[in-house]
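If you're wondering where the values come from, they're calculated on a predicted model, not measured in any experiment. First the proteins, then the strands, lettered A, B, ... as listed; each starts at 1.
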There are 2 protein chains.
Amino acid sequence: MKKKGNKELVGVKEIARRANVAIATVDRVLHNRKGVSEKTKAKITAIIEELNYKPNILARRLASKEILRFAVMIPSVSEETDYWDAPLEGIKQAESEIATYGIEIDKYFFDQNDRSSFLKASDEILKKKYHGILLAPMFAQESESFVRECTKAGIPCVFINSDLPDTASLCYIGPDLYHAGALAAHLCGYLIGEKANVLIVNISEIDNHRHFLRKEQGFKEYFEEYRKENNVIKLDIRDTAEQAISRELKKALESNKIDLIFVANSRVFYVAEFFEKYKIKNVKLVGFEFLKKNVAYLEQGVIDFLICQKPIEQGYKGVMALYQYCVHDIKVKDVHYMPIDIITKGNYQFYSN
Amino acid sequence: MKKKGNKELVGVKEIARRANVAIATVDRVLHNRKGVSEKTKAKITAIIEELNYKPNILARRLASKEILRFAVMIPSVSEETDYWDAPLEGIKQAESEIATYGIEIDKYFFDQNDRSSFLKASDEILKKKYHGILLAPMFAQESESFVRECTKAGIPCVFINSDLPDTASLCYIGPDLYHAGALAAHLCGYLIGEKANVLIVNISEIDNHRHFLRKEQGFKEYFEEYRKENNVIKLDIRDTAEQAISRELKKALESNKIDLIFVANSRVFYVAEFFEKYKIKNVKLVGFEFLKKNVAYLEQGVIDFLICQKPIEQGYKGVMALYQYCVHDIKVKDVHYMPIDIITKGNYQFYSN
DNA sequence: CTGAAAGCGCTTACAG
DNA sequence: CTGAAAGCGCTTACAG
């Protein structure tokens with residue numbers, strides 16, 4: 001049981017002593033508050049540097065009466081897909097870890113098929129003056145103008161799930177969409193022959209969200225570069241009703257000999273359901289996301305590969321990035337790409353992110 | 001900028017007030033220290049329960065003069081393989097995060113080919129009375145008796161990298177070795193035909209560490225169950241000198257037509273070097289661990305798959321488990337299996353754990 | 001067995 | 001523009 005103590009005392013007290021000022025003045029300089037003459041400020045700053053002073057975060061948060069408030073803005077979990085459960089879980093995990101530091105998190109949910117719900121949430125958030133915002137920027141234009149307002153107000157924004165490259169913000173935590181698509185294509189190489197035909201299926205109720213398109217681009221360009229012999233075609237289904245999906249898939253499979261289907265979003269289970277219903281066995285299936293329904297089909301061997309990018313961790317790290325920035329004054333790196341995880345029948349039991 | 005304050009005051013002060021005792025007495029009960037009469041102890045305990053009191057960890061660590069000391073005991077990084085760099089990195093990361101809580105970590109390294117170095121380190125650790133120990137239990141017997149001593153002294157032990165199932169301890173964080181081997185086998189299915197021959201190569205200077213054997217078992221049993229047609233044979237190489245490895249591999253490849261080689265530990269790069277030197281192109285290669293040398297051969301297409309289980313995270317989580325237990329009094333779950341990650345040419349750039 | 005008081009390293013009114 | 005003092009929720013000698 002060694003004791004603390006023999007450490008050099010480098011705290012506000014020592015700084016104040018050396019600068020020959022009161023502790024409160026040191027505090028003012030430390031937090032860049034006004035009401036300090038340039039002269040004393042310079043003197044104190046010099047001493048801080050010299051001593052390589054690091055504030056004690058424990059003491060700071062314990063003494064501070066201020067509550068830090070973050071806002072989280074992500075799609076609501078729909079009946080159709082529970083994908084967003086995962087990031088939310090990570091967010092809650094982070095929340096419980098940092099609650100002791102006097103941090104509170106408000107959650108706002110929008111409908112990813114409805115721009116206006118996104119606008120409504122972002123307006124509310126702007127009114128409330130948060131210390132930081134975690135955001136899935138599903139709608140490009142709206143997100144951009146929202147972040148612009150935040151930046152003006154000095155509020156840091158973190159993106160998860162998909163990026164908005166040219167938008168100034170604290171950081172992005174999520175997939176490199178292009179390479180995720182390219183990896184999917186690479187995996188297809190293990191499943192099909194040299195002359196096989198590949199069908200990209202996009203099931204989505206509204207205009208393609210650009211992040212799905214980016215994955216498709218990675219997928220296609222991989223084939224163009226490494227597997228020229230394969231024929232890749234695309235089918236758009238703008239409807240998530242079972243009948244419509246069945247009809248479209250049937251049509252596509254009848255008019256082409258398809259050896260593999262690739263779905264760039266989480267809705268690969270629709271195709272698997274279709275395979276099951278119509279007893280289609282010899283078409284390979286590759287898709288995204290560790291949803292219960294998807295995993296069930298992976299287990300049964302209907303889906304061959306799922307690609308997943310740690311949605312829980314995205315939520316967790318997103319919140320922690322805000323925490324690091326606001327509490328510890330640590331700027332995380334601009335872009336944090338998640339690993340591209342490959343899930344098969346052989347390892348899904350151990351996937352947990 | 002909302003303020004704290006309107007919270008119900010549930011701290012030692014309030015407990016002391018209600019119990020009509022001094023704060024110090026509440027503290028004694030809270031920490032199970034002796035010197036409190038049964039009667040007052042019962043009264044205070046009841047109030048603590050009633051109030052659902054949770055101590056403020058910030059205040060506790062700030063006020064406490066005691067330093068918590070953890071010991072870490074893992075293999076040293078050898079020239080031959082830098083695998084253990086990764087767990088160490090995770091350990092250091094955790095260390096820097098929790099340093100502010102007054103926690104210090106001492107690191108002990110042993111030679112994984114030398115039992116006596118393991119014993120030496122464990123003896124030193126026992127003498128020093130740590131608050132917690134993180135351990136790679138490479139040597140089964142020695143580890144068991146070491147943990148027995150720790151348990152006697154009330155010191156929690158966390159295992160990483162490989163487990164010792166029947167040894168009482170705080171928890172295990174690492175791979176499910178059997179299923180890691182089985183996944184390797186599953187991946188081989190994508191690479192070889194139905195009648196192909198598979199060679200398991202074990203390169204190791206000393207008796208097989210049991211955790212490599214466990215992986216091999218998973219690998220073999222997968223083939224026995226799902227790919228009966230394939231012939232699986234095994235080659236032991238008890239030497240890490242290049243010449244010896246070349247000689248043995250050559251012999252094996254000459255006397256059998258081998259389509260795929262599987263290496264259950266991190267030394268798959270030796271086989272890749274051999275392939276490169278002798279221009280062997282049509283033998284597939286599957287192995288473990290994200291070492292620089294392995295990744296280089298993955299990039300070149302010499303190695304087809306690497307399996308990896310987040311060594312950095314194992315180190316990080318191992319330390320954090322001790323921290324959670326010793327500081328927050330949170331018991332983590334007994335066994336925390338890591339995901340089994342599949343690394344290919346298509347996703348290695350994004351692997352970071 | 002029990003209590004009063006100082007202190008951990010900060011922040012925060014308040015006074016000047 | 002600056003300072004003295006109280007307080008955040010605990011722990012720790014010390015005294016009785």
Side-chain angles (χ1 to χ4, degrees), chain A residues 1-44 48 51 53-68 99-103 327-329, chain B residues 1-44 48 51 53-68 99-103 327-329:
Chain A
M1 294 233 192
K2 296 195 186 172
K3 307 280 172 172
K4 298 176 188 173
N6 50 349
K7 296 185 182 178
E8 335 73 71
L9 16 146
V10 274
V12 284
K13 211 167 156 185
E14 173 66 8
I15 296 169
R17 196 187 63 73
R18 294 203 190 198
N20 206 8
V21 297
I23 293 177
T25 303
V26 175
D27 195 62
R28 287 183 186 100
V29 172
L30 240 23
H31 292 281
N32 245 314
R33 281 190 276 265
K34 54 189 176 175
V36 185
S37 75
E38 280 306 321
K39 201 177 150 196
T40 44
K41 183 171 177 178
K43 186 164 62 175
I44 292 171
I48 288 172
L51 259 42
Y53 165 75
K54 301 272 175 248
N56 182 322
I57 304 299
L58 266 60
R60 178 176 281 183
R61 291 307 307 165
L62 180 63
S64 176
K65 293 208 167 359
E66 190 189 0
I67 290 182
L68 286 179
T100 178
Y101 289 94
I103 292 163
V327 174
H328 296 274
D329 204 25
Chain B
M1 295 236 189
K2 295 195 188 174
K3 304 284 171 170
K4 298 177 189 173
N6 48 350
K7 296 186 185 178
E8 336 72 74
L9 15 149
V10 275
V12 284
K13 209 167 155 186
E14 173 66 8
I15 296 169
R17 196 186 63 74
R18 294 203 188 199
N20 207 8
V21 297
I23 293 177
T25 304
V26 175
D27 195 63
R28 288 185 185 100
V29 173
L30 241 24
H31 292 282
N32 244 315
R33 281 190 276 264
K34 54 188 178 177
V36 186
S37 75
E38 281 305 321
K39 201 177 147 197
T40 44
K41 183 172 176 177
K43 185 162 64 172
I44 292 170
I48 288 171
L51 259 42
Y53 166 75
K54 303 273 174 247
N56 183 321
I57 304 298
L58 265 61
R60 178 175 282 183
R61 291 309 305 164
L62 181 62
S64 176
K65 292 207 168 1
E66 191 189 359
I67 291 183
L68 285 179
T100 177
Y101 289 93
I103 292 164
V327 174
H328 296 274
D329 205 26

Write down the distance between CZ (Arg28(A)) and P (dA4(D)), rounded to a whole number of angstrom.
12 Å
Polar pairs (N or O, both sides) under 3.5 Å between protein and nucleotides 6-9 of chain C?
residue: dC8(C); atom: O2; partner: Ala63(B); partner atom: N; Å: 3.3
residue: dG9(C); atom: N2; partner: Ala59(A); partner atom: O; Å: 3.4

Could you go through the side-chain contact (heavy atoms from CB on, under 4.5 Å) check for Arg61(B) and Leu68(B) one step at a time?
CA-CA 10 Å; Arg61(B) 291 309 305 164; Leu68(B) 285 179; 4.1 Å; yes
Side chain to side chain, Ile15(B) and Tyr53(B), heavy atoms closer than 4.5 Å
yes
Which residues pass the side-chain hydrogen bond (donor to acceptor under 3.5 Å, both in side chains) test with Lys13(A), not counting sequence neighbours?
none
Need one value for Ile57(B): base, sugar-phosphate or nothing, where a base atom within 4.0 Å counts as base even if backbone is also close, heavy atoms only.
nothing
Could you provide the dot-bracket string of DNA chain C, using ( ) for intrastrand pairs, [ ] for crossing pairs and | for bases paired to another strand, with Watson-Crick or G-U pairs below 3.5 Å?
|||.||||||||.|||
Side chain to side chain contact (heavy atoms under 4.5 Å, CB included) against Ala59(B), all qualifying residues, sequence neighbours excluded
Leu62(A), Asn56(B)
In whole Å, what is the span from the CD atom of Glu66(A) to the P atom of dT12(C)?
7 Å
Expected output: side-chain Lys41(A) to main-chain Val36(A) donor-acceptor under 3.5 Å
no
May I have the step-by-step check of side-chain contact (heavy atoms from CB on, under 4.5 Å) for Arg28(A) and Ile44(A), ending in yes or no?
CA-CA 10 Å; Arg28(A) 287 183 186 100; Ile44(A) 292 171; over 6 Å; no
A side-chain contact here means heavy atoms from C-beta on lying under 4.5 Å apart; do Val26(B) and Val21(B) qualify?
yes
Can you tell me if Thr25(B) touches the phosphate of dC1(C), counting only side-chain N or O atoms and a distance under 4.0 Å to OP1 or OP2?
no
When you measure from the side-chain N and O atoms of Thr40(B) to the phosphate of dC1(C), is any distance below 4.0 Å, counting only OP1 and OP2?
no
What is the separation between atom CD1 on Ile15(B) and atom C1' on dC10(D), rounded to the nearest whole Å?
11 Å
When the distance from CZ of Arg17(B) to P of dT2(C) is rounded to whole Å, what number comes out?
19 Å
From CZ of Arg33(A) across to P of dT2(D) the rounded distance in Å is 15 Å
Over how many whole Å does the gap from Glu38(B) atom CD to dC1(C) atom P extend?
9 Å
I want to check something: taking the side chain as every heavy atom from C-beta on, are Leu30(A) and Ile48(A) in contact at a cut-off of under 4.5 Å?
yes
Looking at residues at least two apart in the chain, or sitting in another chain, which of them share a side chain to side chain contact (heavy atoms under 4.5 Å, CB included) with Arg17(A)?
Glu14(A)
Please compare Ala24(A) and Lys41(B) by the position of their nearest nucleotide in DNA chain C and report the one closer to 5'.
Lys41(B)
